[in-house]
Protein chains: 2
Amino acid sequence: MKYAEFQKQIKITRKSICKEFYKQNQDSIRIKKEETVIRNLEKIFNAALKISNAKGFQAMSMRDLSNEMGLSTGALYAYFSSKEDLLNKMQEHRHNIVMHIIDKYISPEKNAYQKLDMMIKVHLYLSEAMQPWFYFSYMETKNMSKSQREKTVAASFAIEKVITDIIKQGQEKRCFNKHDPDMSASIIKAMLQDWYLKRKKYATRNISVDDYAEFIKMVIMAFLNNP
Amino acid sequence: MKYAEFQKQIKITRKSICKEFYKQNQDSIRIKKEETVIRNLEKIFNAALKISNAKGFQAMSMRDLSNEMGLSTGALYAYFSSKEDLLNKMQEHRHNIVMHIIDKYISPEKNAYQKLDMMIKVHLYLSEAMQPWFYFSYMETKNMSKSQREKTVAASFAIEKVITDIIKQGQEKRCFNKHDPDMSASIIKAMLQDWYLKRKKYATRNISVDDYAEFIKMVIMAFLNNP
DNA sequence: GTCTATATACGGATAGAC
DNA sequence: GTCTATCCGTATATAGAC
């Protein structure tokens, strides 16, 4: 699978993200006309990600946000009850999407090699399709309320555990060598995250997500097969 | 070399960091008695790193800072002319220390293998000794003034280039295989950075900086020697 | 050299008009 | 459903006392 194909298979459009969000948070949004809500949510998320990722969520005021996306501050509060509410809901939403899609793509694969290969690709492709969301989530975790932060950290560990389990499975079947599975998963995660954390750098160097996937797959397999 | 030895060789104490800082910024600090300045700088940096790394530099007010470190807000402004000034000077200071020490340790090494080995260790050991500084620098880069941000990004690329050059040298001497040197340096950097970005995780799992150094050295050498 | 008190500005959130 | 006007709290930065 290449990125182009992944994109066709699951349409992670900005609109689809908002539609899903609306369904899950219908009760906490004061506006009731679906079409309006989705249109405005799209504007809110794009603006919030743009401003936050440029200068940090804390530095973004709700006035900044309303100016950028076109609604008044008052109207904004019909969608999110507070600035913190916006942060928490965005984090939660990203994490739901990610866990759902990873599971969808990994479960069908049978052997460890194919699972790991798929995990690398799906994680990179997802973070490519939703780059601002991933960057936002990473950079703003420490600014969240304690309970929300714990949720986010747990979600991050859950993803790491998917990798750990694949490695253990591969070691049992003797398809991978016996390196520490936790450490292995950890550095694999670090490489996966570098893609969305340093996206500008890779863009400047004309490295596509497919190039990157191929390279780190080579690195990972070289060491997992190295005695 | 192990971490314990590195620590003995260069005493990166909090005090020595402040002393060096004082020498380089003597003119912009209104207080003149060296002893007082160094004592207060130490308090300021510790408090700023503590608060910033917990909830972000933007979210830290100068009042927070003065409460935490014991000076009045007014007195604080005798040391730093603004909150932004504090951010920029801290970034610059960290980057001076890092470049200086990396050069000191890498230059004497002759062959590429030893240079790379040393680079991995020195970077990890430095980021261990100055973890709050490294974390701060990484997380707050995007919040800096444009010129300061460009400096920081350039400094980061300079470090990456040290790695790239070592890899190229090793490839010429046929001690490493022909993988893309830029991409190789890039993912090595990602693994080095993971150490200070996820320090809590590794602490929880009882992974020491020496364990980590050994593990990623194994990963890196496995792939650099893999045809 | 350091502290207290304060000027000035801006942010989050809401009430009420339309 | 959305906008304007506004309250109240808090931020940076400084002036002047000690």
Side-chain angles (χ1 to χ4, degrees), chain A residues 18 21-22 25-45 47-48 51-52 54-90 140 143-145 148, chain B residues 18 21-22 25-45 47-48 51-52 54-90 140 143-145 148:
Chain A
C18 296
F21 183 91
Y22 173 64
N25 295 280
Q26 219 162 342
D27 44 346
S28 71
I29 297 173
R30 287 212 304 273
I31 315 304
K32 288 302 158 203
K33 217 168 90 189
E34 177 167 346
E35 196 192 328
T36 311
V37 175
I38 290 175
R39 179 165 31 84
N40 283 330
L41 278 176
E42 195 177 337
K43 286 187 198 163
I44 293 170
F45 290 148
I51 303 171
S52 285
K55 63 177 190 180
F57 185 80
Q58 281 289 345
M60 177 192 79
S61 70
M62 292 297 263
R63 272 197 186 82
D64 286 346
L65 184 55
S66 73
N67 288 342
E68 174 78 25
M69 57 76 58
L71 278 188
S72 66
T73 50
L76 201 50
Y77 280 87
Y79 293 84
F80 296 96
S81 68
S82 70
K83 200 182 160 190
E84 201 195 339
D85 184 41
L86 172 62
L87 174 60
N88 290 339
K89 291 234 173 83
M90 283 180 71
E140 304 301 340
N143 304 326
M144 296 166 41
S145 68
Q148 272 291 335
Chain B
C18 295
F21 183 91
Y22 173 65
N25 296 280
Q26 220 162 344
D27 46 343
S28 70
I29 296 174
R30 287 211 304 274
I31 315 302
K32 289 303 158 204
K33 215 165 88 190
E34 177 167 346
E35 196 194 326
T36 310
V37 176
I38 291 175
R39 179 165 33 86
N40 283 329
L41 278 176
E42 195 179 335
K43 286 187 197 165
I44 294 170
F45 290 148
I51 303 171
S52 285
K55 63 179 190 181
F57 185 80
Q58 281 289 346
M60 177 192 79
S61 69
M62 292 298 261
R63 269 202 196 86
D64 286 346
L65 184 54
S66 73
N67 287 342
E68 175 79 24
M69 58 76 59
L71 278 187
S72 67
T73 50
L76 200 51
Y77 280 87
Y79 293 84
F80 296 97
S81 69
S82 69
K83 199 182 160 187
E84 201 195 341
D85 184 42
L86 172 63
L87 174 61
N88 291 339
K89 292 233 172 84
M90 283 180 71
E140 303 301 338
N143 303 326
M144 295 165 41
S145 68
Q148 271 291 337

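Because the structure is predicted, anything quoted here is derived from the model rather than measured. We name chains A, B, ... by the order of the sequence lines, and we start the count at 1 in each one.
- Residues A:Leu65 and A:Ala47 share a closest heavy-atom pair of CD1-CB, 3.7 Å.
- Atom CG of B:Leu65 and atom C1' of D:dA13 are 14 Å apart (whole Å).
- Classified by interplanar angle (parallel below 30°, tilted 30° to 60°, perpendicular above 60°), the ring pair B:Phe21/B:Phe80 is tilted.
- The distance from atom CG of B:Asn67 to atom P of C:dT2 is 17 Å, rounded to the nearest whole Å.
- The CZ atom of B:Phe80 sits 15 Å away from the P atom of D:dT12 (whole-angstrom rounding).
- Using a distance-only test at 3.5 Å, with no hydrogens or angles considered, a donor-acceptor pair links the side chain of A:Asp85 to the main chain of A:Ser81.
- If you measure from atom CD1 of A:Ile31 to atom C1' of D:dC3, you get 12 Å, rounded to the nearest angstrom.
- No contact: B:Asp85 has no heavy atom under 4.0 Å from any strand.
- Residues A:Glu140 and A:Ser52 approach most closely at OE2-O, 4.3 Å, considering heavy atoms.
- Between A:Glu34 and A:Val37 the shortest side-chain heavy-atom distance does not fall below 4.5 Å.
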task: Do nucleotides 11-18 of chain C as a string where each nucleotide becomes B, S or -: B if the base has a protein heavy atom under 4.0 Å, S if just the sugar-phosphate does, - if no protein is that close.
output: BBBB----

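- A cation-pi arrangement is present between A:Lys83 and A:Phe57 under the rule of less than 6.0 angstrom and at most 45 degrees off the ring axis.
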